[in-house]
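Indexing begins at 1, ligand by ligand and atom by atom, following the structure's order. Quick caveat: nothing in here was measured; it's all calculated off a predicted structure.
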Amino acid sequence: MPPPLLFIIIIISPSSSQPSGPLDACSLGAGPGRQALPCQPPPTNMKEFMQIRVDPPGITCGNPPERFCTLENPYLCSDECDASSPDLSHPPQLMGDRERGGLITYWQTITWSRYPEPLLANITLSWNKSLEVADDIIITFEYGRPTSMVLEKSMDKGATWQPYQYYADDCLEAFGMSPKQVSDLAPTNLTRVICTEKYSGWVGAKEEKNVVFEVRARFGVFAGPKLINMDALYIRMETMKGLRDFFTFSNLRLRLLRPALGGTYVQRDNLLKYFYAISNIDVPARCKCNLHASRCVLRHATLQCECEHNTSGQDCQRCRGGFRSRSWRPGSYLPLPRGSGSFGCNGHSNRCSYIDFINVVTCVSCKHNTRGQSCQYCRLGYYRNASLPLDDDNICVECDCDPDGSASPHCSDLGLCRCKAGATGRRCDSCVSGFTWRGGGAENLCDSERLLCQNGGTCFDFLRCTCPGNSTGTVRKMGRHCDDEGGASAALKHFLLLATRR
Ligand SMILES: *[C@@H]1O[C@H](CO)[C@@H](O)[C@H](O)[C@H]1NC(C)=O
Ligand SMILES: *[C@@H]1O[C@H](CO)[C@@H](O)[C@H](O)[C@H]1NC(C)=O
Ligand SMILES: *[C@@H]1O[C@H](CO)[C@@H](O)[C@H](O)[C@H]1NC(C)=O
Ligand SMILES: *[C@@H]1O[C@H](CO)[C@@H](O)[C@H](O)[C@H]1NC(C)=O
Ligand SMILES: *[C@@H]1O[C@H](CO)[C@@H](O)[C@H](O)[C@H]1NC(C)=O
Ligand SMILES: *[C@@H]1O[C@H](CO)[C@@H](O)[C@H](O)[C@H]1NC(C)=O
Ligand SMILES: [Ca+2]
């Protein structure tokens, strides 16, 4: 008989308006009884830790020194880039420096003097560490934003790359893509790579300097516009395929494909006003620690999670040496800690989904004989082995109640079956004293301890007294007293009653 399906609604309450709020601590309580909690380091501006590389070689201005003009006033070409002069040079590290005293410092390329050959530049930002973006990535361009560029990312330290977002003043012309905005994205297609025209149109070089990769607005699709319900986002990250990966990167690359033009076409007679200049790149992100660390530190010039929960590795992606009794798993935001005895989603289901409008996670097809909304209980007919960790595949043990001695195939939390009268034992597979196992506990009519046959009779099979005085030596009377007809018929009735009950 299949166990009945029970539907239990677990309401996950919003608990914080801070993206970093609910996952600050890796454990609750202290000492041996402390409870492990999913945790992650706070976000920080990763521009402090990025390695910047610019391609092709020679794209940075100033070697040889070069004059440049501005789009606003193309006939005033008094500015000069000279790599040998500290005041006039524009090296790549000025994209990641801390600017002081209101002085804007920026990296700048050579001008487009080789037009119509395209003016291309790649900026590769590397951290040698898996990171999770936590807020908008903002690239600040001086002298106008490119009319066409691509933001790419790598999740494997530069081995493979994929586009993250396309930017153009005309997406169809530049990339053959129809223009989209993040506000066009729904929960089902949030991880789509889009081309946006929002950050490439000419509005004046000083008006709008930023090109943005919108993270906040994407988070808002799940967490609400003010990011009040970050819980909902974190739960989605675990239940929706590809969502966490979408926000994960170890390198970023900007492919600058066409500079700002200041108008609709290129003025061939003044190519000195076309170039790229970037003053800042903000990358708010946190170290990816698989929910096993709340701190991330710089060690040997490399970011490294300070792993807890007996994990180790740069991303806490392994069990610590000597802790291999349990297989490694990423930390889980599911279930929300809700007391002992529940072991929701500890790897017992791989099909959880999220119901938007009531903020509920439901797991279907619970494995390992678990059941419940988040596979947090044992199936009926099974009980929990309290000496095993919650995520163990053998956590639920079959009750194995004796079908004859038990009143039900289900057992208690301790594995105790409910016995019929006369039966006993965890599985109800033995008899209480005074009863004999006859496909279940049957009350004895006679035995050699309490229910002795009287008047010289001997008990046979706990049900009959063989009485003396029958010349063939077989049973003359059924009663225990071997001399009492009434007693015999009463005993016979009792015997027949027992026989029909079975
Ligand atoms: C930028 O990177 C892409 C991808 O590796 C490469 O195809 C392209 O040639 C690079 N461009 C420059 C200017 O180095
Ligand atoms: C990158 O990180 C790994 C793992 O921590 C480390 O072994 C390696 O030396 C680092 N590489 C560089 C170039 O810093
Ligand atoms: C995302 O899905 C929504 C709703 O299904 C749809 O209206 C929108 O066009 C989609 N966006 C993209 C970029 O495909
Ligand atoms: C880590 O190992 C210690 C020592 O065996 C154990 O007491 C503790 O419960 C473990 N912590 C977790 C989160 O598994
Ligand atoms: C519970 O798990 C422990 C440890 O693996 C095992 O020794 C024990 O036999 C299990 N108990 C049951 C009832 O399966
Ligand atoms: C002994 O008693 C049994 C049961 O009443 C009866 O069937 C049997 O015939 C008796 N034997 C003799 C010899 O009387
Ligand atoms: Ca700067």
Please list, in chain and residue-number order, the protein N/O/S atoms closer than 3.0 Å to the Ca ion (ligand 7). Leu94 O, Asp97 OD1, Glu99 OE2, Thr105 O, Thr105 OG1, Ser279 O
Out of Cys289, Cys26, Cys316, which residue meets the side chain to side chain contact (heavy atoms under 4.5 Å, CB included) rule with Glu308? Cys26
Return yes if some donor-acceptor pair links the side-chain N/O of [X] with the main-chain N/O of [Y] below 3.5 Å, else return no.
X      : Y      : value
Asn270 : Gln267 : no
Asp136 : Arg216 : yes
Gln314 : Leu303 : yes
Ser200 : Ala168 : yes

Relative to ligand 3, is Asn189 under 4.0 angstrom through side chain, backbone, both or neither, heavy atoms considered? side chain
Give the numbers and elements of all ligand 3 atoms closer than 4.0 Å to a heavy atom of [X].
X      : value
Ala186 : 1 (C), 2 (O), 3 (C), 4 (C)
Leu185 : 13 (C)
Asp184 : 1 (C), 8 (C), 10 (C), 11 (N)

Carboxylate-amine/guanidinium contact Arg286 Glu132, below 4.0 Å: no
Run the salt-bridge test on Glu398 and Arg379 with the 4.0 Å N-O cut-off and return the result as yes or no. no
Working for side chain to side chain contact (heavy atoms under 4.5 Å, CB included), residues Glu197 and Tyr167: CA-CA 6 Å; Glu197 296 181 349; Tyr167 300 86; over 6 Å; no
Quick check on Asp413: does its CG atom have over 12 non-hydrogen neighbours (other residues, nucleotides or ligands) under 6.0 Å away? no
What I'd like to find out is whether the side chain of Lys157 reaches to under 4.5 Å of the side chain of Ser250, using heavy atoms alone. yes
Between Asp282 and Asn45, does any side-chain donor sit less than 3.5 Å from a side-chain acceptor? yes
Side-chain donor-acceptor pair under 3.5 Å between Asp169 and Thr147, yes or no? no
Can you tell me which residues line ligand 2 if we count any heavy atom under 4.0 angstrom from one of its atoms, in chain and number order? Asn128, Lys157, Thr302, Gln314
Do any nitrogen or oxygen atoms of Arg192 lie less than 3.5 angstrom from nitrogen or oxygen atoms of ligand 3? yes
